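One-based numbering, in listed order, for ligands and for the atoms of each. Note that the structure is a prediction, hence the values are computed from the model and not measured.
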Amino acid sequence: MPNKTPITVATGDGIGPEIMAATMRILEAAGAQLAPEFIDIGEQVYLAGNSAGIAPEAWASLRRTKVFLKAPITTPQGGGYKSLNVTVRKTLGLYANVRPCVAYAPFVTTHFPTMDLVVIRENEEDLYAGIEHRQTDEEFQCLKLITRPGCEKIVRYAFEYALAHGRKKVTCMTKDNIMKMSDGLFHKVFDEIKVEYPGIASDHMIIDIGSARLATHPEQFDVIVTLNLYGDIISDIAADLTGSVGLGGSANIGEHVAMFEAIHGSAPDIAGQDMANPSGLLLGAVMMLVHIRQAEVAARIHNAWLRTIEDGVHTADLHSAHSASHVGCAAFADAVIARLGQQPQTFGVVAYADAPPAAVTAKPLYTRAKPAAKKLVGVDVFVHEAQGNADYLAGTLTALAPMQFKLQMITNRGVKVWPGGFPETFCTDHWRCRFLAADSQRELHHGDLVELMQALMQRNVDFIKTENLCTFDGERGFALGQGQ
Ligand code: NAD
């Protein structure tokens with residue numbers, strides 16, 4: 001008998017306690033060797049004054065066990081409550097969100113009976129950094145942060161996952177025709193890493209046509225790797241195409257800790273009625289067992305679960321002509337337990353190997369490159385100006401700029417409005433004013449920027465923020481203005 005693996009368990013809110021009880025019973029009956037530590041998260045913890053929905057002592061358990069089986073929680077309505085999921089993912093470095101989306105036709109009604117794909121979503125970066133500011137009366141900003149280590153980790157994870165799970169193709173989705181630097185980096189890293197996996201086919205799609213194709217032909221996809229926001233959206237679409245949100249499990253994988261859960265929420269509309277389908281959480285728990293090297297138990301549960309679905313033992317969300325008996329959450333768990341040791345007759349039999357995908361890689365998940373030679377060549381100054389127009393602002397800024405600077409352009413919402421702007425361009429009160437070194441051979445220094453700021457201050461220009469313009473090993477580290 002293997003030693004029991006300590007795991008942290010949160011029973012959550014709404015249907016959480018019901019589906020967790022059902023899942024834990026199945027895990028125990030299947031012979032999973034687990035030593036659960038229970039923690040409180042969610043609604044009550046929020047309402048007790050912890051704005052993140054998790055008590056300080058719960059972190060100690062998570063950091064000790066490094067494995068988290070989590071039921072869904074209810075986020076209270078109203079402002080001030082931070083998303084617990086985002087907090088846990090980012091605090092514990094859970095960089096990969098893995099969501100298998102599989103059709104179980106004909107037993108679960110779906111338009112796409114052969115779909116079987118996995119969305120691997122970057123989980124820590126992108127617009128989810130949560131760095132937002134109101135800068136003027138009219139303009140609000142959310143910063144999109146993409147890093148090279150972040151891209152390398154998720155792209156390599158996707159290829160390693162494909163290798164470990166016998167998947168044939170990895171599709172990268174970005175919007176790099178518009179966001180050439182941030183999404184462009186993700187695509188570039190994908191192109192760099194894919195050549196290390198010649199046995200796995202790969203392609204890239206722009207996210208708009210990619211998601212359209214996913215919604216109409218999901219059977220054409222195998223593994224999809226994408227940035228955080230796109231992955232959030234397309235994984236919900238893909239999960240829904242399989243037939244029920246109650247069926248999806250997901251893993252959040254980090255270098256140190258991993259979290260497993262159902263993809264759905266706490267379903268308060270059916271809570272406490274023994275109606276919920278525990279399958280999503282159970283399939284999340286199956287991924288957990290593979291992760292903690294109890295692959296044999298994982299396969300036993302997964303096969304018994306498939307057999308249960310085939311036998312038409314269905315919870316309310318799966319009712320169809322293929323349902324032989326309609327059961328509640330607890331009776332569904334009993335049915336799975338009764339089938340432990342049996343194999344599916346129609347679906348393929350599942351087999352798992354005892355190795356978590358992230359650990360099978362002999363290659364480092366990312367390598368920090370030598371810092372590039374960085375040269376400061378200018379600065380973008382963002383200005384709040386409600387009354388003025390671009391020509392007037394340009395006149396003011398040109399007159400005040402210290403001699404080491406020249407005003408190169410002004411944009412409004414990214415579109416060049418000076419020099420040579422169009423009267424048709426709608427302008428808000430938020431102007432980006434680009435100053436470059438007057439002598440392009442001369443490197444600028446922070447002292448030059450301070451001098452520029454002082455000149456702006458003396459003329460009462462309401463500057464909101466600045467962005468340094470640099471080259472890295474001679475390569476431009478900033479985008480041109482639209483129309484420039
Ligand atoms: P939801 O996923 O809870 O419910 C959507 C619909 O699906 C409901 O009709 C529900 O009855 C049904 N459903 C969901 N899970 C089911 C299951 N296992 N079996 C049968 N039917 C199921 O989404 P929602 O109603 O938008 O959100 C409810 C709460 O859950 C909110 O407070 C939200 O913030 C939270 N939430 C939590 C998580 C999480 O903890 N991971 C994820 C999403 C939403």
Side-chain angles (χ1 to χ4, degrees), residues 8-23 26 39-47 51-54 58 68-90 92 94 97-99 101 104 108-109 121 123 128 228 231-233 235-252 258-285 287-288 305 308-309 313-320 323 326-333 335-336:
T8 301
V9 177
T11 55
D13 300 315
I15 58 171
E18 301 160 52
I19 60 174
M20 184 59 86
T23 299
I26 297 168
I39 60 167
D40 284 332
I41 57 165
E43 200 170 18
Q44 291 315 313
V45 183
Y46 278 115
L47 298 176
S51 65
I54 177 165
F68 187 18
L69 182 61
K70 174 184 159 292
I73 59 144
T74 301
T75 310
Q77 296 291 319
Y81 299 112
K82 289 250 174 210
S83 160
L84 172 77
N85 267 344
V86 176
T87 303
V88 171
R89 286 172 189 161
K90 290 175 59 173
L92 299 176
L94 310 183
N97 186 305
V98 183
R99 281 190 180 189
C101 299
Y104 301 100
V108 177
T109 309
R121 159 189 170 196
N123 222 9
Y128 291 65
N228 202 342
D232 194 358
I233 296 167
S235 60
D236 265 30
I237 295 172
D240 215 36
L241 294 177
T242 66
S244 169
V245 287
L247 290 177
S250 86
N252 295 267
M259 173 170 88
F260 303 87
E261 59 183 342
I263 64 162
H264 58 75
S266 57
D269 51 336
I270 57 167
Q273 299 170 46
D274 190 36
M275 277 175 68
N277 185 347
S279 300
L281 185 60
L282 182 66
L283 293 178
M287 295 165 88
M288 177 189 77
W305 178 81
T308 309
I309 298 293
V313 182
H314 292 170
T315 44
D317 56 313
L318 300 185
H319 283 180
S320 75
S323 305
H326 298 168
V327 292
C329 181
F332 183 84
V336 175

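For atom 43 (C) of ligand 1, the choice among Gly265, Pro72, Cys329, Ser266 with the nearest heavy atom turns out to be Gly265. Between atom 21 (N) of ligand 1 and the options Asp236, Ile270, Asn277, the minimum heavy-atom separation is to Ile270.
Between Ile73 and Glu43 the shortest side-chain heavy-atom distance does not fall below 4.5 Å. Put simply, the side chain of Arg89 reaches to within 4.5 Å of the side chain of Asn97, judged on heavy atoms. By the 4.5 Å heavy-atom criterion applied to side chains, Ile39 and Val9 are not counted as neighbours. Residues Leu318 and Ile309 have side chains in contact (heavy-atom distance under 4.5 Å, counting atoms from C-beta outward). In this structure the side chain of Asn228 reaches within 4.5 angstrom of the side chain of Arg121, judged on heavy atoms. For the pair Phe260 and Asn252, the minimum side-chain heavy-atom distance is 4.5 Å or more. Considering only heavy atoms from C-beta on, Val108 stays 4.5 Å or farther from Thr242 through its side chain. Side chains of Phe68 and Ile41 form a contact here, defined as non-hydrogen atoms less than 4.5 Å apart.
Residue contacts with ligand 1, taken as heavy atom pairs separated by less than 4.0 Å, involve Ile15 solely via side-chain atoms from C-beta onward. With a 4.0 Å heavy-atom cut-off, ligand 1 is reached by no atom of Pro278. Heavy atoms of Asp269 found under 4.0 angstrom from ligand 1 belong exclusively to the side chain. Only the side chain of Asn85 comes within 4.0 Å of ligand 1, counting heavy atoms alone; its backbone N, CA, C and O stay farther away.
Under the 4.0 Å distance rule, the nearest protein heavy atom to atom 15 (N) of ligand 1 falls inside the cut-off. Atom 19 (N) of ligand 1 lies below 4.0 Å from at least one non-hydrogen atom of the protein. In this structure, atom 28 (C) of ligand 1 is in close contact with the protein, since a protein heavy atom lies within 4.0 Å of it.
Atom 32 (O) of ligand 1 has Thr75 N, 3.2 Å as its closest protein atom, hydrogens excluded (heavy atom only). In this structure, the protein non-hydrogen atom closest to atom 40 (O) of ligand 1 is Ile73 N, 3.0 Å. In terms of protein heavy atoms, atom 7 (O) of ligand 1 is closest to Val245 CG2, 3.6 Å. Taking atom 3 (O) of ligand 1 as the reference point, the nearest protein heavy-atom neighbour is Ala267 N, 2.7 Å.
Which parts of ligand 1 touch Pro268 is read off a 4.0 Å heavy-atom cut-off, strictly below it: atoms 28 (C). Near Glu261, with a cut-off below 4.0 Å to any heavy atom, the atoms of ligand 1 are 41 (N). Counting the atoms of ligand 1 from 1 in the order shown, those under 4.0 Å from a heavy atom of Lys70 are 39 (C), 40 (O), 41 (N).
Residue contact annotation: Ala276 has a non-hydrogen atom under 4.0 Å from ligand 1. Using 4.0 Å as the threshold, Met275 has no heavy atom nearer than that to any atom of ligand 1.
For His319 and His314, the distance between ring centers is not under 6.0 angstrom.
Every N/O-N/O distance between Ile19 and ligand 1 stays at or above 3.5 Å.
Interatomic distance, Glu18 CD to Asp274 CG, rounded to the nearest 0.5 Å: 6.5 Å.
There is no side-chain donor-acceptor pair under 3.5 Å between Ser83 and Asn85. In the model, Tyr128 has no side-chain atom that pairs as donor or acceptor with a side-chain atom of Asn123 under 3.5 Å.
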